[in-house]
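Step one of this worksheet: look at the structure below.
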There are 2 protein chains.
Amino acid sequence: MVSGEARKVDDASVALAVSTVIFALRQDEASGLATVWLPLVRRIREPFDGQWALPGGPLGAAEDLATAARRTLGETTGLTPGYLEQLYAFGDVDRSPGPRVVSIVYWALVQSEEAQRASVGENVQWFPADDLPALAFDHNLIVDYALWRLRNKMEYSRIAHAFLGETFTLTQLREVHEAVRGRALDPANFRRSIEGSDAVVATDQRVTGTRHRPARLFRYNTSIDLADQGPLSRLNERKEP
Amino acid sequence: MVSGEARKVDDASVALAVSTVIFALRQDEASGLATVWLPLVRRIREPFDGQWALPGGPLGAAEDLATAARRTLGETTGLTPGYLEQLYAFGDVDRSPGPRVVSIVYWALVQSEEAQRASVGENVQWFPADDLPALAFDHNLIVDYALWRLRNKMEYSRIAHAFLGETFTLTQLREVHEAVRGRALDPANFRRSIEGSDAVVATDQRVTGTRHRPARLFRYNTSIDLADQGPLSRLNERKEP
DNA sequence: CCAGTAAGGGTCATTACAACCCTAAGTCAG
DNA sequence: CTGACTTAGGGTTGTAATGACCCTTACTGG
């Protein structure tokens, strides 16, 4: 039998949802070190009524997958991500009680200030990514996988700037890496590895008023593909305004 | 508005399909070097009637995504992959004329002999991955991405054995790497890098009758996670018999 | 003006890797 | 039987990347 890609699913009871794991960094008040946090949404209907879940919702009929991820994320949390990438499609038959749901999950990064600005209400709360409660559906596994991808990708690509503003010091950039990778990095070695690559461009500005030696401000090299998705970057470029 | 993951898609016209890019190695008759090939299926209905497309089909109501990939692959090409991993979900609104289709695409590897055995008919043909005709839908982009992932993954993980049998010589393993990466590798350096890792276990068997010095046969170290998918390997383990 | 601290640069040992060379051990032609 | 040929497999060396550690520079607040 030869495939007919356009045929409908036999049983129309398969629903398609889009969810997003979105990370930001937060200073721990005790240690002063930054760690990875993410917002969760309290469910207000069965199944898993009252439990925490990833922000998301059904796919609209006229929107692309990434657009649906942005929209549902905005509707539920008010956040606008600085980086967004598809993570995985979860579709096990038994992953949700009741009608079957296939979830296409994205993962994203926001700047910390943007995360502060966004509304936080009764039904949206931030949690440390390493220490989550039991979530609805298979969302604990999803977060684990997203966190693993974030940590992996931080080592070989240049997504760290999505946590920072337009310009930043090398110390700020290093602190992002330290927060995600969970250990201290040598400032001098870090500087050399970054400056040795072409990821970053020095500006002629400096940060003063820090009661220390003024630090140079850097900007990301926009002529470089930060995402490192190979042929797919074509697809992503096309879609962004 | 808070998400309801289990709600149906507003417009029920979104169909969910599963396709697979499956690679095998073939000797080029002229040069004797191996290169990467994949089977394509000729479409026998609109849209793209008569053009080549990836093997696939609609998702069944009671099967997991990977199961659907294996099933549709078997039905259309007769192949049983030695390795299977999710690639990406393609869901742009305009990727298919007519009713909307979201395709969850897998990529896979088969042993070369298994690929030989599988039926090849009028409507299934093998093509070199580097030199494809214009395919149906966005399948050229999909194959490019799958090939990029294969080449990337070959460098840092241990999937090469999926092209080989139970036991193999280091020369065979090296030829797999050479075929995928497209360039010759130094035999001595390759040997050291493999033996230095714990990916491979030497058996006490040797290959004779090759009119050369007999080569040791190796076996893969099954106590190691070959796929390197982090937390997802949990999910995959569970599903395989 | 001095103490404290971050910015930023230098040095060195270790490691991974590529290039290149050599020897070992089979088969086949004669 | 023997030597040519070819692949198996090991050794040596230079280079590039990385981490550990030390030093100087430059600002601010007391």
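Proteins get letters first, then strands, A, B, ... in listed order; numbering begins at 1 in each. Treat the numbers as computed from the prediction; the structure is a model and nothing was measured.
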### Task
With Phe23(A) as reference, evaluate Val180(A), Leu147(A), Val110(A) under the side chain to side chain contact (heavy atoms under 4.5 Å, CB included) test and give the passing residue.
Leu147(A)

### Query
So, does the side chain of Arg192(A) form a donor-acceptor pair with the base of dG10(C) at under 3.5 Å?
yes

Rounded distance (Å) that lies between atom [atom2] of [N] and atom [atom1] of [X]:
X: Phe218(A); N: dA7(C); atom1: CZ; atom2: P; answer: 11 Å
X: Arg206(A); N: dT25(D); atom1: CZ; atom2: P; answer: 15 Å
X: Tyr156(B); N: dC17(C); atom1: OH; atom2: P; answer: 16 Å
X: Gln172(A); N: dG8(C); atom1: CD; atom2: C1'; answer: 16 Å
X: Arg174(A); N: dG19(D); atom1: CZ; atom2: P; answer: 14 Å
X: Leu185(A); N: dA6(C); atom1: CG; atom2: P; answer: 16 Å
X: Asp186(A); N: dG9(C); atom1: CG; atom2: C1'; answer: 12 Å
X: Glu195(B); N: dA8(D); atom1: CD; atom2: P; answer: 13 Å

### Query
Does Thr171(B) make a side-chain N or O approach to OP1 or OP2 of dA8(D) shorter than 4.0 Å?
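For dA8(D), OP1 or OP2 has a side-chain N or O of Thr171(B) closer than 4.0 Å.
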
### Task
Applying salt bridge (Lys or Arg N to Asp or Glu O under 4.0 Å), run through Asp64(B) and Arg95(A) and close with a yes or a no.
CA-CA 10 Å; Asp64(B) 294 340; Arg95(A) 65 182 287 275; over 6 Å; no

Indicate the atoms forming the closest heavy-atom contact of [X] with [Y], along with that distance.
X: His177(A); Y: Ala160(A); result: CE1-CB, 3.6 Å
X: Val124(B); Y: Pro39(B); result: CG1-CB, 4.3 Å
X: Leu54(B); Y: Ser19(B); result: CB-CB, 4.3 Å

### Side-chain H-bond candidate by donor/acceptor type, Asn189(B) with Arg192(B), under 3.5 Å
yes

### Task
Look at the side chain of Ala188(B) and decide which nucleotide, out of dG8(C), dA20(D), dG10(D), has an atom nearest to it.
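The closest nucleotide is dG10(D).
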
### Task
Would you indicate which nucleotide in dG9(C), dG19(D), dA18(C) comes nearest to any side-chain atom of Asn189(A)?
dG19(D)

### Message
Can you tell me how the ring of Tyr145(B) sits relative to the ring of Tyr88(B), calling it parallel under 30°, perpendicular over 60° and tilted otherwise?
### Response
perpendicular

Where do N or O atoms of nucleotides 25-27 of chain C meet protein N or O atoms at under 3.5 Å, pair by pair?
residue	atom	partner	partner atom	Å
dG26(C)	N2	Arg211(B)	O	3.2
dT27(C)	O4'	Arg211(B)	O	3.1

